[in-house]
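Written out below as structure tokens is the structure these notes cover.
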Amino acid sequence: MSGFRLEPLFASPLYRAQLGPRALNHALEHACLSISRDDEAGQRWCREHGYEGYTSYASLDDLPQRAPEFAGLARQLERHAQQFCRALAYDLDGRRLKLDSLWINLLKPGGHHGAHLHPHAVISGTYYVRVPKGAGAIRFEDPRLAMFMAAPPRKVRAPRARQSFVTVTPKVGTLLLWESFLRHDVPVNAAKSLRISISFNFAVA
Ligand SMILES: [Fe+2]
């Protein structure tokens with residue numbers, strides 16, 4: 001059949017970039033491990049909330065002030081977030097995107113992170129510090145699922161843009177940014193070692 005065209009509507013793009021230099025990643029890996037060993041409040045929070053590894057999400061809100069590696073990362077994140085914001089054609093009406101929160105995630109082998117949103121944010125993302133083989137994926141869910149009503153499921157081999165769940169496998173140094181309303185989860189870490197990532201939110205200041 002011919003004589004028609006398809007126009008993508010209301011798509012929410014995923015932003016992907018590779019950050020450098022390699023030395024920054026090494027420094028971040030070292031800093032993440034060191035902070036996780038020292039942060040007793042964070043360790044306690046993880047025990048109490050069944051977090052399978054360590055996260056600084058609930059205990060530390062000053063990583064860029066605490067270590068220069070995080071300040072260096074934050075500067076790169078600001079630039080990429082501005083770029084993404086322009087690509088999304090957001091009209092901020094004279095205001096700007098501000099890095100609102102930044103936290104470490106150490107996911108143990110066998111650990112996972114269930115589906116969630118990042119509330120109070122506009123753009124969210126993750127930078128991947130250590131991605132052992134078998135531990136890489138993040139899975140995004142089509143935000144329109146709740147409105148699909150009687151729509152049939154998509155074919156297993158449907159084009160990626162038509163799938164209801166899309167899995168992205170990052171590499172070391174990968175930066176992913178997405179609109180914060182996109183629900184996502186991290187499947188079980190099937191690797192034999194820690195998966196290390198740094199997540200963050202941008203809000204409009
Ligand atoms: Fe998340």
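Hydrogens, waters and symmetry mates play no part in the numbers below; they use all other heavy atoms, side chains included. Remember, it's 1-based here, ligands and their atoms both numbered in the order they're listed.
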Open item on the list: Less than 6.0 angstrom separating the ring centers of His113 and His184, yes or no?
Closed with: no

Task: Separation of Thr174 OG1 from Asn25 CG (nearest 0.5 Å) - done: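 Answer rounded to 0.5 Å: 10.0 Å.
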
- [ ] Look at the rings of His118 and His116 and say which category their plane angle falls in: under 30° parallel, 30 to 60° tilted, over 60° perpendicular.
- [x] parallel

Open item on the list: Is the ring pair Phe140/Trp178 parallel, tilted or perpendicular, if the boundaries are 30 and 60 degrees?
Closed with: perpendicular

Open item on the list: Restricting to under 2.8 Å, identify the protein N, O or S atoms around the Fe ion (ligand 1) as residue plus atom.
Closed with: His116 NE2, His118 NE2, His184 NE2

Open item on the list: Counting C-beta onward and ignoring hydrogens, is there a side-chain heavy-atom pair between Ser101 and Asp61 closer than 4.5 Å?
Closed with: no

Task: Test item: Asn105 and Val186 side chains (from C-beta on) under 4.5 Å apart, heavy atoms - done: no

